[in-house]
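Below: the structure, in structure tokens.
Residue numbering restarts at 1 for every chain, and letters A, B, ... go by the order of the sequence lines.
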Amino acid sequence: QITLKESGPTLVKPTQTLTLTCTFSGFSFSSTGVGVGWIRQPPGKALEWLAVIYWDNDKRYSPSLKNRLTITKDTSKNQVVLTITNMDPVDTATYYCAHTYKSGWYGVDSWGPGTLVTVSS
Amino acid sequence: IQLTQSPSFLSASVGDRVTITCRASQGISSYLAWYQQRPGKAPKLLIYAASTLQSGVPSRFSGSGSGTEFTLTISSLQPEDFATYYCQQLNSHPLTFGGGTKVEIK
């Protein structure tokens with residue numbers, strides 16, 4: 001059974017850097033094709049894909065946020081970390097991490113419960 | 001690749017047949033997934049590869065299409081199906097989502 005859980009601050013100030021950690025179980029980056037992505041959802045709005053990292057360390061970012069995003073993985077800890085620099089109130093959202101595959105064929109099949117991050121001074 | 005869902009809002013009754021459309025701005029073969037999101041919850045994968053039902057998902061859900069036009073059909077709407085539905089293309093990065101379709105009780 002795959003489980004994921006997001007952790008990090010619930011409140012950050014404008015211009016600060018947000019660091020979110022996704023801790024997972026039930027799969028490993030040792031498995032070919034595995035990926036962990038980050039998706040966010042502002043209150044009352046649609047889902048937005050942010051970034052993904054795959055088992056081979058291939059990293060892909062949303063073009064609209066690419067300059068502000070960094071995704072890394074720690075295979076030994078079963079964790080993926082997303083950092084977003086220069087946070088702004090428009091970045092207030094629920095942030096989800098999720099399990100997927102590089103092939104894209106199988107969708108995003110497991111999601112964490114999400115963590116709400118508020119950006120405010 | 002942009003995904004356009006229609007309608008954005010849908011009012012229906014229990015037992016109704018419901019169809020949601022997702023159009024891609026360019027061809028994505030069958031690399032399309034559908035998700036259900038209930039209020040305050042994470043999205044749940046319903047269908048992948050445009051028409052393959054995820055394990056554990058009721059058979060009243062079905063998906064079809066390829067290329068640029070896709071549909072999600074709920075054959076007989078149940079009370080627990082009132083939620084927001086999203087499509088997502090996984091053909092090429094960035095892996096974009098549609099704007100969502102909210103299904104509410106009539």
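Summarising the geometry of B:K41 relative to A:Y96, their closest heavy-atom pair is O-OH, 3.4 Å, with the distance given to 0.1 Å. Summarising the geometry of A:V108 relative to B:L45, their closest heavy-atom pair is O-CB, 3.6 Å, with the distance given to 0.1 Å. Taking each heavy atom of A:W111 and B:A42 in turn, the nearest pair found is CB-CB, 3.9 Å.
Ranked by heavy-atom pairs under 4.5 Å with chain A, the list B:Q54, B:Q89, B:K44, B:Q37 is led by B:Q37. For the set B:G40, B:S30, B:A33, B:A49, the entry with the most heavy-atom pairs within less than 4.5 Å of chain A is B:A49.
The cluster map of Ile, Leu, Val, Met, Phe, Trp and Tyr, joined by side-chain heavy atoms under 4.5 Å apart, puts A:Y95 and A:L11 in different clusters. Cluster membership check: B:V103 shares its hydrophobic cluster with B:I47, using side-chain heavy-atom separations under 4.5 Å among Ile, Leu, Val, Met, Phe, Trp and Tyr. B:F9 and B:W34 fall into different hydrophobic clusters, defined by Ile, Leu, Val, Met, Phe, Trp and Tyr side-chain heavy atoms under 4.5 Å apart, directly or through other members. Linking Ile, Leu, Val, Met, Phe, Trp and Tyr whenever their side-chain heavy atoms come within less than 4.5 Å leaves B:L53 and A:W105 in two separate clusters. A single hydrophobic cluster is seen to contain both B:I74 and B:I105, as judged by linkage of ILVMFWY side chains at heavy-atom distances under 4.5 Å, directly or through other members.
Rounding to the nearest 0.5 Å gives a distance of 14.0 Å between NZ of A:K59 and NE2 of B:H93.
In terms of modelled atom types and a separation under 3.5 Å, the side chain of B:Y35 and the main chain of A:G107 share no donor-acceptor contact.
Residue A:S110: no heavy atom, backbone or side chain, is found under 4.5 Å from chain B.
Listed in order of number, the residues of residues 15-52 of chain A that approach chain B to under 4.5 Å between heavy atoms are A:I39, A:Q41, A:K45, A:A46, A:L47, A:E48, A:W49, A:V52.
Applying the 6.0 Å contact sphere to CD of B:E104 captures more than 12 heavy atoms from other residues, nucleotides or ligands.
Using cut-offs of 30° and 60° on the angle between ring planes, the pair B:Y48 and A:Y106 is tilted.
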